[in-house]
Amino acid sequence: ITAAHYGRAPEHSYFDGCSNGGRQALMEAQRFPEDYDGIVAGDPAHDWTHLYTGGHVWALKAMEGDAYIPQSKVPLLAEAVNKACDELDGIKDGILNDPRRCHFDPAILACKGADAPTCFTQAQIGAIHKLWNGPRTEQGDQIFPGLMPGGEEGNNGWYGWLTSTGPALAGHASLGLPGMRTIAFEDLNWDWKTIRYDAPKGFDSDVDFVDQKLGPIMNATSTDLSRFRARGGKLIQYHGWSDPDISPLNSIRYYEQVSGIASQNATHAVRDTQEWYRLFMVPGMQHCSGGPGPDSFRMITALEQWVEKDVAPEKVIASHATNGKVDRTRPLCPYPQEAQYKGSGSTDDAANFTCALPQLP
């Protein structure tokens, strides 16, 4: 069609997707490496089976019964997290540069007596811990990473994904339950409260069952991208640190698995991987968009420059707008680098930040 219209075939082909589109993006790189010269994978749902069992259904399990957190209490948690952790990166801007450094304990918000709008019950505090920690087997194996503190407020934050107008209407339920009932268990009456994360030796858990049934079809978790790399393909992945749907830790885990960052030659491994694959973590961005952090950026432009001119993205400028007016810009940096304030000038101007490795204590 392109050749018929323009008189010549396409010079380059690109794929750009977020969420399930991010899963499709990684699947293209893994299974069909000849399709695209460059791929952008945003907030990918690539570990589909564990996202559904250990993300969507886990969110319901965490807030089951009296552990449900009403939407009216989300600002209370958001404010307390920011008060405790906002300035860990050296500036006060309502954004957690890397929420993994935040060790806030929600227990300080516990009600002294009866439940009230200004505190959390013990059951609700337990729910927050479960959401942040994610589910594990009895042997301690992580089924799916937990959510990160920070950026809870907003329709694309906890409001829409976890609390909504009730747990049954929130994003985790509206996505997870139809998929589990109709595709995984083929039972419209399947009760999520009965899900088994562990099973006696010799028997599959429900997690194992879904993995075995749907993993080969739905998951894009292979770390073998050698064919995509060999053909000169370039891959950019990004993920919002405040994503309340798909844990940002899942993107970091995949990137580290591909790059071999845990090996003894981690520095060399990362340098080698960044020649063709880069991950950008987006502070304060929720699921694909929204949140207190800059959430508007042109990854496809960076990808074109990389593929067509061999100019690797050392940073990507992101912006945040309120009522249609840009009020903050910030550089996004290739992981494990992060944006660091130079010490002078407006903290709302990307020009006053540089990309550097985090300064660990």
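The shown structure was predicted, so the numbers you read here are calculated from the model rather than taken from an experiment.
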Output yes when a side-chain donor or acceptor of Arg136 lies under 3.5 Å from a complementary backbone atom of Asp141, and no otherwise.
-> no

Tyr277 ring center within less than 6.0 Å of Phe228 ring center | no

How about Asp198 and Ser205: do any of their side-chain heavy atoms sit closer than 4.5 Å?
-> no

Does the Glu152 side chain pair with the main chain of Gly150, one donor and one acceptor, at a distance under 3.5 Å?
-> yes

Verify whether one side chain among Asp191 and Thr194 offers a donor that lies under 3.5 Å from an acceptor in the other.
-> no

ILVMFWY network linking Ile95 to Val316, side-chain heavy atoms under 4.5 angstrom = no

Output every pair passing ring pair (Phe, Tyr, Trp, His ring centres under 6.0 Å) with a member in residues 95-148, not counting sequence neighbours, ordered by first then second residue.
-> none

Under 3.5 Å, side chain of Lys130 to main-chain N/O of Ile125, donor-acceptor pair present?
-> no

Is the shortest heavy-atom distance from the side chain of Trp241 to the side chain of Asn97 under 4.5 Å?
-> no

So, Gln124 side chain and Lys73 main chain: donor-acceptor pair closer than 3.5 Å or not?
-> no

Between Lys315 and Glu338, is there a salt bridge with N-O shorter than 4.0 Å?
-> no

Run the salt-bridge test on Arg253 and Glu256 with the 4.0 Å N-O cut-off and return the result as yes or no.
-> no

Gln142 side chain vs Pro135 backbone, donor-acceptor pair below 3.5 Å | yes

May I ask you to say whether Glu186 pairs ionically with Lys213, meaning some side-chain N is under 4.0 Å from a carboxylate O?
-> yes

Please check if any side-chain donor atom of Ser226 sits under 3.5 Å from a side-chain acceptor atom of Asp224, or the reverse.
-> yes

Cation-pi check, Arg278 to Tyr335: give yes when NZ or CZ is under 6.0 Å from the six-membered ring centre and within 45° of the ring axis, no otherwise.
-> no

Ignoring hydrogens and geometry, is there a side-chain-to-backbone donor-acceptor pair from Asp86 to Asp93 under 3.5 Å?
-> yes

Non-hydrogen side-chain atoms of Cys85 and Leu96 separated by less than 4.5 Å = yes

May I have all residue pairs that pass ring pair (Phe, Tyr, Trp, His ring centres under 6.0 Å) and include part of residues 280-325, sequence neighbours excluded?
-> Trp161-His287, Tyr238-Phe297

With the 4.5 Å side-chain cut-off for hydrophobic clustering, are Leu60 and Val207 part of the same group?
-> yes

Side chain of Glu87, backbone of Lys92: donor and acceptor closer than 3.5 Å?
-> no

Are Arg23 and Asp43 within salt-bridge range, i.e. N to O under 4.0 Å?
-> no

Would you mind listing every ring pair (Phe, Tyr, Trp, His ring centres under 6.0 Å) that reaches into residues 29-61, with sequence neighbours excluded?
-> Phe15-Tyr36, His46-Tyr254, Trp48-Tyr52, Tyr52-His56, His56-His172, Trp58-Tyr197

Taking a hydrophobic cluster as the set of Ile, Leu, Val, Met, Phe, Trp and Tyr residues connected by side-chain heavy atoms closer than 4.5 Å, whether directly or through intermediates, do Val81 and Tyr159 fall within one such cluster?
-> yes

Is the backbone of Ser346 close enough, under 3.5 Å, to the side chain of Asn352 for a donor and an acceptor to pair up by distance?
-> yes

Does the Asp37 side chain pair with the main chain of Ser13, one donor and one acceptor, at a distance under 3.5 Å?
-> yes

